[in-house]
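Values reported hereafter were calculated over all heavy atoms of this structure, with side chains retained and with hydrogens, waters and symmetry mates removed. Note that this is a predicted model, so its numbers are computed, not measured.
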Amino acid sequence: MSETALIFAKGKGRCFANQVGKCRGACNGQESIAAHTQGAQEALTQLQVNVWPWPGSIAIEGQSAGATAAPASVDVDSYRILNRFLRYPEQHGLTVTPL
């Protein structure tokens, strides 16, 4: 293969990462495209973000003794905490209703 394996890597021949020993060489045939693709998918799996499992907005109903209403704003950290409970709502006494 005379061109780089990734579309955003410009030029011909070995990519820079292969030249400095950071790539197994899909760009010059040292590694098969299938092996390169599998390695890339495995690396990207670690960065995968959970997909919203509902078709749109939801309402969350919980049962908690003595709870008071909180403001309706949600920031990223709050969402991450909430998401832990939303993965298995029944284990946390939650009812999730798609709106």
Side-chain angles (χ1 to χ4, degrees):
M1 182 178 304
S2 63
E3 295 185 17
T4 56
L6 300 175
I7 195 165
F8 55 83
K10 303 289 184 194
K12 296 190 181 231
R14 298 184 328 156
C15 65
F16 180 74
N18 181 255
Q19 292 175 38
V20 296
K22 300 286 185 184
C23 171
R24 295 187 179 120
C27 58
N28 65 359
Q30 290 175 310
E31 176 184 46
S32 71
I33 292 295
H36 176 77
T37 300
Q38 180 180 354
Q41 287 175 340
E42 289 171 2
L44 290 172
T45 297
Q46 298 173 9
L47 303 173
Q48 183 174 351
V49 176
N50 292 329
V51 177
W52 186 253
W54 297 281
S57 300
I58 61 170
I60 303 168
E61 182 180 334
Q63 300 173 357
S64 180
T68 59
S73 66
V74 177
D75 65 4
V76 174
D77 291 329
S78 297
Y79 172 76
R80 287 180 180 151
I81 293 167
L82 180 62
N83 195 32
R84 281 189 261 163
F85 291 93
L86 291 178
R87 283 188 203 132
Y88 307 102
E90 60 284 338
Q91 291 178 359
H92 301 288
L94 299 174
T95 303
V96 177
T97 307
L99 300 176

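- Shown here are the salt bridge (Lys or Arg N to Asp or Glu O under 4.0 Å) partners of Arg84, two or more places apart in sequence or in another chain: there are none.
- For the atom pair NE2 of His92 and CG of Leu82, the computed distance is 10.5 Å after rounding to the nearest 0.5 Å.
- Atoms SG and NZ, from Cys15 and Lys22 in turn, are 12.5 Å apart once rounded to the nearest 0.5 Å.
- Considering only residues two or more places apart in sequence or on other chains, Phe16 meets the ring-ring contact (aromatic ring centres under 6.0 Å, His included) condition with none of them.
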* Check against side chain to side chain contact (heavy atoms under 4.5 Å, CB included), Leu86 and Trp54 -> CA-CA 11 Å; Leu86 291 178; Trp54 297 281; 3.9 Å; yes

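- The two residues Asn28 and Asn18 have their closest heavy-atom pair at ND2-OD1, 3.6 Å.
- The two atoms that bring Cys23 and Ala26 nearest to each other are SG-N, 4.4 Å, heavy atoms only.
- A distance of 13.0 Å separates CD of Gln46 from CD of Gln41, quoted to the nearest 0.5 Å.
- When all heavy atoms are compared, the tightest approach of Val96 to Pro89 is CG2-CB, 3.8 Å.
- Minimum heavy-atom separation, Gln30 to Arg24: CB-O, 3.3 Å.
- Annotation: the span from Ile58 atom CD1 to Thr95 atom OG1 amounts to 11.0 Å, rounded to 0.5 Å.
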